[in-house]
Amino acid sequence: MQELTLTRPDDWHLHVRDGEMLKAVLPHTVRQFSRAIIMPNLKPPVRSVAEAAAYRDRIIAAIPEGKQFEPLMTLYLTDNTEPEDIVAAKASGFVKALKYYPAGATTNSDSGVTDIGKCDRVFEAMQQVDMPLLLHGEVTDKAVDVFEREKVFIEQHLVPLKQRFPKLRIVLEHITTAHAVDFVMATDNMAATITPQHLLFNRNALFKGGIRPHYYCLPILKHEIHRRAILQAATSGSPKFFLGTDSAPHTRDSKESACGCAGCFSALHAMELYAEAFEGVDALDKLEGFASFYGPDFYGLPRNREQITLVKKNWRIPDELSLTESGLVPLRAGEEMTWQMV
Ligand code: DOR
Ligand code: ZN
């Protein structure tokens, strides 16, 4: 196949940050996607409808002239979130979900939930008003191996949570393991997003010829067995699995450091990366469902009407995008891509 035309996709998990970084990264997402679920892990996090409204205004102000884009907002769940916050979020119309980070799990998650068992009143309210819960599904227990944090989260927290709230609609974000695939497949009112890096790379990418900080994200890349399982899920045609890039920009300085930040920046070339992953298993015919249909169907939003086109063409990913401070290094910088969005 030389050309691929798809319904315009949406990104169901995205970090756009704020200030200068927001202005630098947002145009790339706007070029490829119509809508995106915006992660609330700013510093301080987006916890109230008022904070989400102000952040949404800043995002809208950063959309390039004449382009269409809809930011879909989320609130950051903390130990202090109240059922009234859920009712207000639902009433706002523009807050589409609540995001759960275990305290200390990842970038700017210090305000995250310290004990998921303490949030039941909030989950009850979410189930009642049908507000989806987006999970960073990893435990933070120091005794648990970093490669097993997702599996242990599912066993220790998600299984009991689903037993307590079977009707609560949950997205297990950026899944990385066969355990996650199996759990999502077997459970009602459960979906998952999948990133391009977890479809294309296994954990060897972190150490290819030396340490590779630009492949470090959380959840961390896993064993090849798990990469194959999530690739199979993404290309299966099941509406439970949909696109969420988790594009998470950090400056070069903050990635290439003795204690580098977690996150891969993929907004530049997300659809090209997904196309390559799907083509690798001869499943390009499944890309449109994954990228453009199952996400809006889950969120109860209309599917987009516009289209995008990708063509078969070799091009080189730039080494860096310039910012005024330190630059921004895209995922797989300097390497060749075989698809290009036109
Ligand atoms: O790699 C990641 N980066 N994982 C996350 O959960 C957060 C994200 C970020 O905000 O940088
Ligand atoms: Zn994320």
Side-chain angles (χ1 to χ4, degrees), residues 10-19 21-22 24-26 29 33 36-46 55 59 71-77 96-113 132-140 146-147 149-150 153 170-177 180 191-201 203 205-206 212-222 230 242-257 259-268 270 273 295 323 326 328-332:
D10 304 299
D11 186 347
W12 301 97
H13 183 130
L14 177 68
H15 301 264
V16 292
R17 316 302 190 203
D18 215 341
M21 185 66 95
L22 167 63
V25 299
L26 191 70
T29 288
F33 300 103
I37 285 277
I38 306 292
M39 287 298 123
N41 62 332
L42 301 183
K43 230 174 170 151
V46 179
Y55 186 31
I59 295 169
L72 307 170
M73 308 310 289
T74 60
L75 300 187
Y76 190 114
L77 189 64
K96 299 297 185 191
L98 266 279
K99 176 68 190 263
Y100 163 91
Y101 287 101
T106 186
T107 310
N108 299 344
S109 65
D110 327 342
S111 321
V113 172
L133 174 65
L134 314 183
L135 295 179
H136 184 109
E138 290 195 288
V139 292
T140 51
V146 66
F147 294 100
R149 287 179 179 172
E150 183 173 278
F153 179 87
I170 299 179
V171 183
L172 189 54
E173 299 280 20
H174 40 54
I175 59 166
T176 59
T177 60
T193 54
I194 303 181
T195 77
Q197 65 267 26
H198 293 108
L199 291 177
L200 286 168
F201 310 113
R203 63 195 188 182
L206 286 161
R212 301 280 193 150
H214 298 288
Y215 289 83
Y216 173 57
C217 66
L218 289 170
I220 199 157
L221 294 174
K222 300 292 191 300
I230 62 163
F242 46 85
L243 184 157
T245 62
D246 199 13
S247 178
H250 292 276
T251 58
R252 181 191 280 277
D253 285 359
S254 56
K255 294 284 296 173
E256 297 175 9
S257 140
C259 185
C261 295
C264 300
F265 174 63
S266 61
L268 178 75
L273 293 164
L323 300 172
S326 168
L328 176 58
V329 179
L331 181 63
R332 222 197 211 176

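Both ligands and their constituent atoms are indexed starting at 1 by order of listing. What you are looking at is a predicted structure, and each value in this text was computed from that prediction instead of being measured.
For the pair Tyr216 and ligand 1, the shortest N or O to N or O distance does not fall below 3.5 Å. The distance criterion of under 3.5 Å between nitrogen or oxygen atoms is not met by Cys217 with respect to ligand 1. Between Tyr101 and ligand 1, no pair of N/O atoms sits closer than 3.5 Å. Considering backbone and side-chain atoms alike, Cys264 places every N or O at 3.5 Å or more from each N or O of ligand 1.
Within the model, atoms CG of Leu331 and CD of Gln197 stand 6.0 Å from one another, a figure rounded to the nearest 0.5 Å. To the nearest 0.5 Å, atoms CG (Leu328) and CZ (Phe265) are separated by 5.0 Å.
Minimum interatomic distance between Asp11 and Gly244 (heavy atoms only, all atoms of both residues): OD1-CA, 3.4 Å.
Of the protein's heavy atoms, Thr106 OG1, 3.3 Å lies nearest to atom 7 (C) of ligand 1. For atom 4 (N) of ligand 1, the closest non-hydrogen atom on the protein side is Leu218 O, 2.8 Å.
Here the angle centred on the Zn ion (ligand 2), running from NE2 of His13 over to NE2 of His15, is 110°, rounded to 10°.
The closest approach between a heavy atom of His250 and any atom of ligand 1 is below 4.0 Å. Contact annotation: Arg17 has at least one heavy atom less than 4.0 Å from an atom of ligand 1.
Side chain to side chain, Thr177 and Lys222 fail the donor-acceptor criterion of an N or O pair below 3.5 Å. Side-chain atoms of Arg17 and His250 include a donor-acceptor pair closer than 3.5 Å.
Asp246 contributes atom OD1 as its closest N/O/S atom to the Zn ion (ligand 2).
For ligand 1, the atoms lying closer than 4.0 Å to a non-hydrogen atom of His136 are 6 (O). Close approach of ligand 1 to Ala248 (heavy-atom distance below 4.0 Å) involves ligand atoms 3 (N), 8 (C), 9 (C), 11 (O).
Under the 3.5 Å distance criterion, the side-chain polar atoms of His174 are left unmatched by any main-chain donor or acceptor of His136. With hydrogens and angles ignored, the 3.5 Å screen pairs no side-chain donor or acceptor of Lys255 with any backbone N or O of His214.
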